[in-house]
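What follows is a single structure, written as structure tokens, with notes after it.
Index from 1, following the sequence.
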Amino acid sequence: MRPSAEELLAALGHAVIATDTKGTVLFWNGAAERLYGWPAAEAVGRDITEVTVPELSRQAAGEIMTALREGRPWSGGFPVRNRSDEVLHALVTDSGVYRDGELIGIVGASLNLGDAVRHLMERSSDAAVLLDERHVVSYASPAVANLFGWPVDEVMGTPITDRIHPEDREAFEELLVADPSSAERVGELRVRTDGTWSWVEVAVTDLYAQPGPQGQVCNIRRSERLARLEERERILEAVHSEVLQDLFAAALELDRALAHTTSSSAARIHAARDDVGRAMETLREVVKPF
């Protein structure tokens with residue numbers, strides 16, 4: 001006995017939804033029930049925008065319909081909404097059903113994009129966070145705890161900007177602005193780590209290539225370049241302070257010696273004192289702390 005087409009669609013791990021050209025749901029498989037939270041009995045017959053498309057995706061949904069009417073399938077990332085009104089990032093493929101060249105229906109297959117990329121993110125040594133359109137963390141890889149001491153459950157559901165240095169937030173916001181000419185934007189900024197600020201490198205990639213609501217993946221790693229600069233700064237500050245102290249001590253000794261010297265030695269001590277003074281001024285100007 002051969003399985004029916006409906007049985008085959010019901011068995012797929014992807015959420016499969018079929019609608020007519022007006023968006024009325026005609027078919028809704030078990031995976032769609034699990035992803036969107038609506039039983040098939042309640043979803044079938046309703047408008048698709050009522051059960052899967054959040055307000056922020058309406059414009060993009062219209063662009064998808066335009067492509068299908070022109071005979072072109074559409075595939076890509078797309079924000080969807082489940083029954084609890086939670087917005088999820090989904091990987092969606094929509095194809096038109098045609099009769100005599102006329103669009104008569106639409107079949108869409110979707111899966112949770114977070115689930116699809118989670119395994120890749122978890123294997124990366126970089127910290128990876130998935131941001132929604134409000135820059136709130138919807139997923140954080142375990143590396144955020146290993147690298148920065150951020151408990152994953154505390155990061156989830158919070159704005160990533162809460163962990164970025166106030167002076168660097170504007171630069172971060174600029175990284176998040178979608179740029180069609182650049183698939184990835186990279187910058188350096190400071191994040192809070194265990195009660196202090198650490199320099200990191202952030203690479204931002206857009207989830208969605210097409211126009212419309214945006215979400216981003218941020219890969220975050222410690223900036224070795226800036227860490228070396230910080231260490232150099234620390235060493236220079238220490239050296240600067242220590243040498244100045246030594247020169248100041250030498251100047252005091254020369255002043256004491258000058259107070260008890262004979263006139264024949266005074267000129268040499270004055271000259272040495274002047275040399276120490278010039279060395280101190282040069283050090284202050286040339287080897288300043290950063």
Could you check whether any side-chain N or O of [X] sits under 3.5 Å from a backbone N or O of [Y], counting only pairs where one atom can act as donor and the other as acceptor?
X: R81; Y: T49; result: yes
X: D168; Y: R190; result: yes
X: R46; Y: V25; result: no
X: R185; Y: V202; result: no

| field | Within 45° cone and under 6.0 Å: R192 NZ/CZ vs W197 ring | value | yes
Which distance, rounded to the nearest 0.5 Å, do you find between the [atom1] of [X] and the [atom2] of [Y]?
X: W199; Y: H165; atom1: CH2; atom2: NE2; value: 8.5 Å
X: F148; Y: R221; atom1: CZ; atom2: CZ; value: 10.0 Å
X: T161; Y: E170; atom1: OG1; atom2: CD; value: 13.5 Å
X: L176; Y: Q216; atom1: CG; atom2: CD; value: 5.0 Å
X: L111; Y: L35; atom1: CG; atom2: CG; value: 8.0 Å
X: I164; Y: I220; atom1: CD1; atom2: CD1; value: 7.0 Å

| request: Would you mind reporting whether S110 and V80 have side-chain heavy atoms less than 4.5 Å apart? | output: no
Taking all non-hydrogen atoms of both residues, which atom of [X] and which atom of [Y] are closest, and how far apart?
X: V136; Y: G157; answer: CG1-C, 3.4 Å
X: R222; Y: L147; answer: NH2-O, 2.7 Å
X: S141; Y: V152; answer: O-CG2, 3.9 Å
X: V51; Y: W38; answer: O-NE1, 3.5 Å
X: I17; Y: A32; answer: CG1-CB, 4.1 Å
X: S198; Y: T193; answer: OG-OG1, 2.7 Å

Who are the side chain to side chain donor-acceptor pair (under 3.5 Å) partners of [X], not counting sequence neighbours?
X: R83; result: E42
X: D20; result: none
X: T19; result: none
X: N219; result: none

| request: Check step by step if side-chain contact (heavy atoms from CB on, under 4.5 Å) holds for V217 and V204. | output: CA-CA 6 Å; V217 176; V204 178; over 6 Å; no
| said: Evaluate D126 against E201 for side-chain contact (heavy atoms from CB on, under 4.5 Å), listing each step before the verdict. | reply: CA-CA 10 Å; D126 293 351; E201 179 183 286; over 6 Å; no
May I have the list of side-chain donor-acceptor pairs in residues 94-108 shorter than 3.5 Å, sequence neighbours left out?
unit_1	atom_1	unit_2	atom_2	d
Y98	OH	L68	O	2.6

| request: May I have all residue pairs that pass ring-ring contact (aromatic ring centres under 6.0 Å, His included) and include part of residues 11-30, sequence neighbours excluded? | output: W28-Y36
| request: Mark yes when over 12 heavy atoms from residues, nucleotides or ligands other than E70 sit less than 6.0 Å from its CD; otherwise mark no. | output: yes
